[in-house]
Every structure is written in structure tokens, then in C-alpha cells.
Amino acid sequence: MAQAPVLTPQATDFPRWYQDVITKAELADNGPVRGTMVIRPYAYAIWERMQAEVDARIKAAGAENAYFPLFIPESYLTREADHVEGFSPELAVVTVAGGKELEEPVVIRPTSETVIGEFMAKWVQSYRDLPLRLNQWANVVRWEMRTRIFLRTSEFLWQEGHTAHASQQDAHRYARSILDDVYADFMEGELAVPVLRGIKTRRERFAGAINTFACEAMMRDGKALQMGTSHELGQNFARAFDIGFLDETGARQLCWTTSWGVSTRMMGGMIMCHGDDAGLRVPPRVAGTQVVVLVVRDDDAGTVSAAARDLVAQLAGSGVRVRLDADVSKAFGRRATDWELKGVPVRIELGPRDLEAGDATVVRRDQSGKSVLPLAELPARVAGLLAEIQTALFEDAAARLRGATADVSSVADAREAAATGFARMPFRAVGESGEDELAEAALTVRCLQTADGGVPTDEHDEDLVAIIGRSY
RNA sequence: CGGGGAGUAGCGCAGUUUGGUUAGCGCGCCACGUUCGGGACGUGGAGGCCGGGAGUUCAAAUCUCCCCUCCCCGACCA
């Protein structure tokens, strides 16, 4: 009866649990080259759902998709001083191609501010061309020292938005709206991951930015994960790439640019925010498979499988992403645990007994226990059930975030509180020396907020509150 | 890059200290049968350049050197 645990329990060894669940839920494998990953179909389906939802919001924010090259001339990177300093240690550089040494080495993009800047400079001539709002879905390469599947890989998939504006105020507002209306809205509404929004301190800021907005989430081990960032680049890149325009008065002006991105790291965030000791718990809205109809056992005539196929067809017809598991040659318990491991939100079990009674057994992945519902009612009830699960996952995570966040007043207390979660304290009381002191304990200021939890304009705001934690 | 651990079948491991038949075990996989409402059982089978390279030796999974990869802890980051 008592089986060995399917996964290393989270409380025993959280990193091990993470590795286990990635393997056993068939999410990803390590690639052959250091730090690379193979994203398997089950996880890629979730990524495609994430892309679709983020993409729709990006378009609603007025940006258009385009595509820029993977290869960037090395000289581009060096044009912006902070940018090159920030990225050069982690660049992958091509020096030989076609059997010949290249005259100028080519960098594999770590991010595309530079190439896109080059083309923005061509495309923007007049104030009438602004704002210019671009986005691309792409892969980027950063040779990080330490990698961790989905969270920090040598190559990852992401979306990077790049915009140019006529005024600082417009650029600021746009970077903020990406943070709020695209990222936070997606993370909370679709991923069911509550996020803290704020700005980064000077030392945590993007290389080349004047201000970085971020969404920070708390994982089940109390550590923080930066889920997405939106940067105000000031005129740094506009100056480096000469992105300028003539204003209404005929005067030449430099643009104000922004950049913003979310990546496959969100997959790691989804896993670590919702997963439990039985496996993944995928929020219904991003689940590639929302419902699995599982044939418990069948008779010789195949009556149960036929009924299950019929149910699957009805659910699919009403827009539910549903899958049939009629593989009765495998033990029922095995299949049940496997679907739990994969975190499919709803499992509908159908066997001869259910069928005879005109029922089906329904199991929610976010709760323990089963309920029996009339088979005929299911098509009408599943959508509501999925919505309930979506909400429950969010509430669960939000309660955990609240419970593991402590208000403190000194760096020493912050160190203690951040051992298990987040600490909040006045940024004034931290200061430069405080950030050094926190760093010794592997802690960082994840973001700065206003006293009421809002997003500050910039680091000069009064009464900033620092959110302190351990991070991935 | 520094410190620690590890690479042997798809997964998890034993064997390495003290070189020596044909490299084992559990799970998984394939076939057949019995089972079947929470990880079934029996019988038979398939599957290994023992991470890679170089060396020592009559003989290397085992000893030496170099390299690669993974995991954990730091510094760097989406």
C-alpha cells in the first residue's frame, strides 16, 4: 500500500524535488552542451500557452512583432559602456565561419538592444514615427557560470520588446504599462503567480538602463524569482546608436528607449510556485492539457472507452483542452500518479461502475479527494471547475507570500527573516553598506516599493521600502 | 571561476579501495499468460565503446594524466 514517494519531498531537498519533477513529468532534459536544455512536448505546450497570452497583451499594448538576426557584430556591443561591461563576461562569440577566421568576430545575441537600436535609428526620422514599438520572440545565449534548467540556461527562449519614444515621460509610462498590463497581469491572471512589483536598486539594474522595473515572485521554498523586467534605458542607447528625430519645431532630439522581457524562466517559476510533493500543479489557463479522461477499466465490448471518447469529444467541442487516457493495459494507479505528476488540473475517471450509475469520478489536482458527478452534467461544469482551480492556486500562492513576508527594521532582522521568506524594511535603513552586508548572507534587495506596496517612479522617491530575500 | 559531490542500460544504483572468467541489481521496456476502481504478478527476452581522450600493464569500469558534463554552496544573471 504505502509506496515510496514519487518525488523527493520538497521539505527534504527542494532543489532535488525540482530536478525530479522536471524529469518525471517529462518537462525537459539537459542538452549535450553545457547549460543547454531540451524542452519536451509537455512543457513546450505550456510555453506555447504562455507565449499566446503574453503576445496578445503585448499587441494590446501597441507593439508589433518583428525579427532581428541572431548574430550581432561584436563592435555593436561595445558602443554602450555599461551594456558591454555587463554582458561581455557571458558572451558566446563566433570567430571562425565557413572555415575562415572572421574579420570581425560575431556575437550570438545575449539580448538585442544593440541591433534593434541600429535599425531604430534608420526607421525613426520624425516625431511622427514615434513611438516605435517592437517585440521579438527569439532565443538568446548567455554563458552563465552556473546553470539551472529553465531558471538560468546558456540558451533560453524569450520575448524582448524594444521601444523608442519622444519623451522620457512617455518612455517611463510605457515601461510601466508593460510591467502592469502585460507582465503582472499575465503572471497573476494566467500563471496564478502573485508578484511583487517594484524597481531595482542601482546594483541590480539592467546593464545600460537608468531604471529597471521588475516582477518578483516567491517560490515554495521562500526564495525569490525575478519573473520579468521592464527597463527605462534613458537616452543611453539612443546616444550610442544615434536614434534621433526632428520634433515639431524642427529641432533634432534624441529618443528615449525602453526594453522588456520575459523568458522560459517563467516555466521554472510556475513549477516552483505551484508544485507539491505529488508533482506539478499546472494552472488551467496555461495548461496544455486541462482535463484528462481516464478509462479505469473496460469491458470486452469497449463500452467504457466509447463513453470516454464521447465525453472527450464533447469537452473538446466546448473548448476544453482535453486528452484521453484509455491505455487500460497499464495499471490504474500508475496512470493516476503519472497524471498527478504532470499536474493536469482535472482528472475524470470513468469505469464500468461509474457508467452504470451514469456518473463520473472527478479529481481536482489542487485538492485531495474525489467527487462523483453525473456524467451528463460534466460538459457544462468543467469550465467552472477549471476557473475555480485557477483561483484556488492563486489564492494558495498569495497566502503563502503574505505568510512568509515579515516587516523588520534592521538589516540584522532582515537577515533572519529572509532565511525563510521575504523581509520588508525601509530602504533608508539599508543603504549602500546594508546591501553589502546582505550580500554576505547571500541576500539581495529584490525590489523597492512605495510604502503602500506600489511601484515607485525611481530610486529618488521618498520612503522607499526594500523587499529583501534569497533569490534564484 | 573557487569549494564540495558525482558520471556504469531509458531512470536509480552496486562493482573501483586491493586491476584478472562473459560487468551485475531494482525500476522501466518487449512477448505471452493471470490480473485490473490508487504505483499488479509470473515466465521468457531486448538493451552497455563502464562520460571522452591519452598513458601504464600480459590484462583497465578499476591505476596515472588531460578534457567534458551534471548536482550542491558562493561570486554573475531573464
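Only this structure's heavy atoms are used, side chains among them; waters, hydrogens and symmetry mates stay out. Order of the sequence lines sets the chain letters (A, B, ...), proteins ahead of strands, with each chain counted from 1.
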Enumerate all atom pairs, one protein N or O and one N or O from nucleotides 25-31 of chain B, separated by less than 3.5 Å.
none

request  = Only counting residues at least two apart or in another chain, list the ones meeting side-chain contact (heavy atoms from CB on, under 4.5 Å) with A/Val96.
outcome  = A/Glu101
Can you pull every protein N or O that's under 3.5 Å from an N or O on nucleotides 68-74 of chain B?
from  : atom 1 : to       : atom 2 : distance (Å)
B/C70 : OP1    : A/Gly35  : N      : 2.5
B/C72 : OP1    : A/Arg148 : NH1    : 3.1
B/C73 : OP2    : A/Arg146 : NH2    : 2.5

key: salt_bridge(A/Lys342, A/Asp338) N-O dist < 4.0 Å   = no
ask   = A/Arg281: what forms a side-chain hydrogen bond (donor to acceptor under 3.5 Å, both in side chains) with it, not counting sequence neighbours?
value = A/Asp396
ask   = Between the base of B/G38 and the side chain of A/Glu340, is there any donor-acceptor pair under 3.5 Å?
value = yes
query = Side chains of A/Glu64 and A/Ile58: closer than 4.5 Å at any heavy-atom pair?
reply = no
ask   = Under 4.0 angstrom, heavy atoms only, what part of the nucleic acid is A/Glu160 near: base, sugar-phosphate, or nothing?
value = nothing
ask   = Just checking A/Ser88: base, sugar-phosphate only, or nothing, at a heavy-atom cut-off of under 4.0 Å?
value = nothing
Stretch residues 295-302 of chain A: residues that reach within less than 4.0 Å of RNA chain B through a heavy atom = A/Val296, A/Arg297
ask   = Within the structure shown, what part of the strands sits under 4.0 Å from A/Thr264 by heavy-atom distance: base, sugar-phosphate, or nothing?
value = nothing
message = Under the rule for side-chain contact (heavy atoms from CB on, under 4.5 Å), what residues qualify as partners of A/Ala45, not counting sequence neighbours?
response = none
query = Counting any heavy atom closer than 4.0 Å, what does A/Arg347 reach on the DNA or RNA strands: base, sugar-phosphate only, or nothing?
reply = base
note = Sorted by chain and residue number, the side-chain contact (heavy atoms from CB on, under 4.5 Å) partners of A/Arg146 (sequence neighbours excluded) come out as A/Arg148
Which protein N or O atoms sit under 3.5 Å from an N or O of nucleotides 42-48 of chain B?
none

query = Distance only, no hydrogens: is a donor on one side chain within 3.5 Å (strictly under) of an acceptor on the other, for A/Arg34 and A/Thr36?
reply = no
ask   = Is the A/Phe237-A/His83 ring centre distance short of 6.0 angstrom?
value = yes
ask   = What does A/Gly261 touch in the nucleic acid at a heavy-atom separation under 4.0 angstrom: a base, only the sugar-phosphate, or nothing?
value = nothing
ask   = Are A/Arg142 and A/Trp158 in a cation-pi setup, meaning NZ or CZ lies under 6.0 angstrom from the ring centre and within 45 degrees of the ring axis?
value = yes
ask   = How far does the P atom of B/G48 sit from the matching atom of B/G24, given to the nearest Å?
value = 14 Å
task = Could you measure between the two C1' atoms, the one in B/U21 and the one in B/G12, and give it in whole Å?
result = 28 Å
message = Under 4.0 Å, heavy atoms only, any strand: does A/Lys370 hit a base, just the sugar-phosphate, or nothing?
response = base
message = Just to be sure I understand the rule, does A/Tyr18 reach a base, reach only the sugar-phosphate, or reach nothing, if contact means heavy atoms closer than 4.0 Å?
response = nothing
task = Report the residues that fulfil side-chain hydrogen bond (donor to acceptor under 3.5 Å, both in side chains) with A/Glu377, sequence neighbours left out, ordered by chain and then residue number.
result = A/Arg381
inquiry  = Cation-pi check for A/Phe332 against A/Arg335: NZ or CZ below 6.0 Å from the six-membered ring centre and within 45 degrees of the axis, yes or no?
reply    = no
remark   = Ranking B/C76, B/G38, B/G39 by distance to the side chain of A/Ala336, first place goes to B/G38
task = Please collect all ring-ring contact (aromatic ring centres under 6.0 Å, His included) contacts where either partner lies in residues 262-282 of chain A, sequence neighbours excluded, each pair once.
result = none
inquiry  = Suppose you measure atom P in B/A54 against the same atom in B/A59; what distance do you get, rounded to whole Å?
reply    = 15 Å
key: Whole-angstrom distance between B/C65 and B/C25, as gauged at atom P   = 33 Å
inquiry  = Taking any heavy-atom pair under 4.0 Å as a contact, classify A/Leu151: base, sugar-phosphate, or nothing.
reply    = base
query = Please, which pairs that meet ring-ring contact (aromatic ring centres under 6.0 Å, His included) have at least one residue in residues 340-371 of chain A, sequence neighbours excluded?
reply = none
Under 3.5 Å donor-acceptor pair, A/Arg142 side-chain atoms to B/C77 base atoms = no
request  = Mind checking the OH-CG spacing from A/Tyr18 to A/Asp20? Nearest 0.5 Å is all I need.
outcome  = 12.5 Å
request  = Tell me, please, which residues at least two apart from A/Ala398 pass side-chain contact (heavy atoms from CB on, under 4.5 Å).
outcome  = A/Pro194, A/Phe394, A/Arg402
